[in-house]
Amino acid sequence: MSKTAANPQLAGADPSRWKALVFIALAQLMVVLDATIVNIALPSAQTDLGISDGNRQWVITAYALAFGGLLLFGGRIADKWGRKNAFIVGLTGFALASALGGAAQGEAMMLGARALQGAFGALLAPAALSLLAVMFTDAKERAKAFGIYGAIAGGGGAVGLILGGVLTEYLNWRWTFFVNIPFAIVAAVGAWMIIREPAGGRNRAPLDIPGVLLSTTGLVALVYGFTRAESAGWSDALTVGMFVASAVLLSAFVSVESRTKNPLLPLRVLLERNRGGVYLSLGLAVIAMFGLFLFLTYYLQVVKGFSPVTTGFAFLPMIVGMITGSTQIGARLMTRVPPRLLMGPGFMVAASGMLLLTQLEVGSSYPALILPAQLLLGLGMGTAFMPAMSLATYGVNPADAGVASAMVNTSQQVGGAIGTALLNTIAASATTAYLTDHAAEAAAGGPAAQLIQAKAMVEGYSSAIWWAVGILVASSLIALTFITTGKPGAGDPVAEGEEADMKIPVIAH
């Protein structure tokens, strides 16, 4: 019996879907790489372009604000235009913005390029994920496809650290931008030739302009509030003002969406218990992960004296763990056990790896402490990410697939901004307290003072990592309690909404 005959769900499937996955995964890798690759190159770019210390954070912030603020809008545009069209336009725009950044001759040109990268990334990222959601509907195939996607989403940031180190050290910082261009060209050409989007999946409804304005300004205010808190402090008037404005704008957004006929974000997408659990647990996990990337990078380079390239390669165990967890554990078990039994334990395994890192000291051994901690983190996060990415869009009306995918990216983007600001603030406070307690030794000067400075930095990192452990434990508990759906294919598919014949099969309850 043929595979198609044995499984009727495959009868209408696109025969080119696995080839399409290659180009979708390539585009996702490019977007995820860009979140960290520029961090390594920033010191060199700052010197070349004459960017002040006060403005250098805007190289990161401009991207984060545009990306985080426009994600919901980008997801709905993908639903309206068609995901293939949005995917190709997003790739083209991202490549052009990257070329502009690589050729930047001054601060304004660099910041403008980063904002454009974020804007086109906000169109590209939800289009990529929603293409997977509408092209892979069979449970086993979906598990494999999202296993690959989850490995890239989880491990791509660490790959960015390696690639950023190599390009910065052996070429120059401009290549951290130019490297996106071949990625984008290959993915766009491949998508144009291969991807055939399923019919009947577009959302032809008029665009919800009030929803666009409220969500974009609300998310920009939220991301900027956390970003500013990192440099100006939590009690800064503008920081507090941004948080208040964000709360008001996002509350107004929810109110508008509950009443409008054609909402930007249908609340059914957000309030369904399982998807809500995914968005919340994934956002919390990303808070912990982004903080860790920051601390480990500084620890290895500043305290241990690693070069940028060596630092990048020092993250390899985490990448290996993520790929293994996602493709060999998550993908293999997803059709056999409920998602919560992968996500909950996965986040707990990651928390155990994070717990090891609370023991960091100035003289800690990389093979004895950091390597096994990274393997546990990678295995746990990879195992949890895969079912999370799949469940976040499973059962969604195809017309809502883009905006549901955008919510996944929004939870990650906001989580990253919160993680960087919150954990860095905790680390800075602990470092200051340590230096205050050892002021006499620090004032003596010489090697003893340098050692106190290094110990103070590590004390700060350890304190913040304890918080990251708690956040991952909370993420695990949320996944175990909020997510109640059974394993894929556990029963007859149930459609969400009214037009059952147009729906992607959902996980049976």
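- For the pair Ala27 and Leu124, the tightest heavy-atom approach, listed with the atom from each and the gap, is CB-CD1, 4.2 Å.
- Arg340 places none of its side-chain heavy atoms less than 4.5 Å from the side chain of Ser476.
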* Please assess Phe385 against Leu282 for the test side chain to side chain contact (heavy atoms under 4.5 Å, CB included), listing each intermediate value before the final yes or no. => CA-CA 8 Å; Phe385 263 53; Leu282 202 57; 3.9 Å; yes
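- For the pair Leu72 and Thr216, the minimum side-chain heavy-atom distance is 4.5 Å or more.
- Counting heavy atoms from C-beta outward, Glu257 and Thr260 have side chains that approach closer than 4.5 Å.
- Judged by distance alone, with hydrogens and angles left aside, the side-chain atoms of Asn274 form a donor-acceptor pair with the main-chain N or O of Thr484 at under 3.5 Å.
- Side-chain contact check for Leu222 versus Met242: every heavy-atom pair is 4.5 Å or farther apart.
- A donor-acceptor pair is defined here as one N or O able to donate and one able to accept, closer than 3.5 Å; no such pair exists between the side chain of Glu361 and the backbone of Gly363.
- Ser364 places no side-chain N or O within donor-acceptor distance of the main-chain N or O of Leu360, the cut-off being under 3.5 Å.
- Taken from CG in Leu316 to CG in Leu371, the straight-line distance is 10.0 Å, to the nearest 0.5 Å.
- For the pair Lys455 (side chain) and Tyr434 (backbone), a donor-acceptor distance under 3.5 Å is absent.
- Here the straight-line distance linking atom CG of Leu477 with atom CG of Leu472 works out to 11.0 Å at 0.5 Å rounding.
- The backbone N or O of Trp466 lies less than 3.5 Å from no partner atom in the side chain of Thr358, so there is not a single donor-acceptor pair.
- In plain terms, the two heavy atoms of Leu123 and Gly74 that are nearest each other are CD1-O, 3.7 Å.
- By the 6.0 Å contact criterion, CZ on Phe306 is enclosed, its count of non-hydrogen atoms from other residues, nucleotides or ligands being greater than 12.
- Here the CZ atom belonging to Phe315 is positioned 10.5 Å from the CG atom belonging to Leu377, to the nearest 0.5 angstrom.
- Using a 4.5 Å cut-off on side-chain heavy atoms (C-beta onward), Ser235 and Val240 make no contact.
- Distance alone, capped at 3.5 Å, places no donor-acceptor pair between the Ser462 side chain and the Glu459 backbone.
- Between Phe295 and Tyr461, the ring centre distance stays below 6.0 Å.
- Between Ala119 and Ala66, the shortest heavy-atom distance links the atoms N-CB, 3.7 Å.
- Shortest non-hydrogen contact noted between Ala351 and Val473 is CB-CG2, 4.1 Å.
- Between Gln117 and Phe67 there is no side-chain heavy-atom pair separated by less than 4.5 Å.
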key: Stepwise side chain to side chain contact (heavy atoms under 4.5 Å, CB included) check, Tyr224 with Arg228   = CA-CA 6 Å; Tyr224 182 61; Arg228 183 172 175 82; 3.7 Å; yes
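- When all heavy atoms of Val278 and Ala388 are compared, the pair lying nearest together is CG1-O, 3.4 Å.
- Side chains of Met407 and Leu265 form a contact here, defined as non-hydrogen atoms less than 4.5 Å apart.
- Shown here is Phe313, whose CZ atom has no more than 12 heavy atoms of other residues, nucleotides or ligands within 6.0 Å.
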Can you give the donor-acceptor pairs under 3.5 Å from side chains of residues 244-255 to other protein atoms, not counting sequence neighbours?
residue	atom	partner	partner atom	Å
Ser246	OG	Gly218	O	3.1
Ser251	OG	Ala247	O	2.7
Ser255	OG	Arg259	NH1	2.6

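- Across Thr481 and Arg273, no two heavy atoms sit closer than the pair O-NH2, 2.7 Å.
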- [ ] Evaluate the ring pair (Phe, Tyr, Trp, His ring centres under 6.0 Å) criterion for residues Phe243 and Phe226: first the C-alpha distance (whole Å), next the side-chain angles of each, then the deciding distance (0.1 Å), finally the verdict.
- [x] CA-CA 8 Å; Phe243 287 135; Phe226 278 106; 4.8 Å; yes
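- The main-chain N or O of Ala314 is found under 3.5 Å from a side-chain atom of Gln374 such that the two form a donor-acceptor pair.
- Atom CG of Leu480 is separated from atom CG of Leu341 by 7.0 Å, given to the nearest 0.5 angstrom.
- For Trp234 and Thr239, the side-chain atoms include no donor-acceptor pair closer than 3.5 Å.
- At least one donor-acceptor pair closer than 3.5 Å links the side chain of Arg114 to the backbone N or O of Val59.
- Note that the CG atom of Leu280 and the OG atom of Ser475 stand 7.5 Å from one another [nearest 0.5 Å].
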Given Ile483 and Met343, is the side chain to side chain contact (heavy atoms under 4.5 Å, CB included) satisfied, shown in steps?
-> CA-CA 9 Å; Ile483 299 170; Met343 291 179 63; 3.5 Å; yes
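- Panel note: side chain Asp208, backbone Leu264; a donor-acceptor pair is recorded below 3.5 Å.
- Looking at Ser130, its side chain does come within 3.5 Å of a backbone N or O of Ala127 through a donor-acceptor pair.
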* Would you check, one step at a time, whether the test side chain to side chain contact (heavy atoms under 4.5 Å, CB included) holds for His438 with Gln453? => CA-CA 10 Å; His438 298 80; Gln453 190 70 39; over 6 Å; no
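- Distance CE/Met322 to CG/Leu375: 11.5 Å, rounded to 0.5 Å.
- Between Thr383 and Val349, every side-chain heavy-atom pair lies at or beyond the 4.5 Å cut-off.
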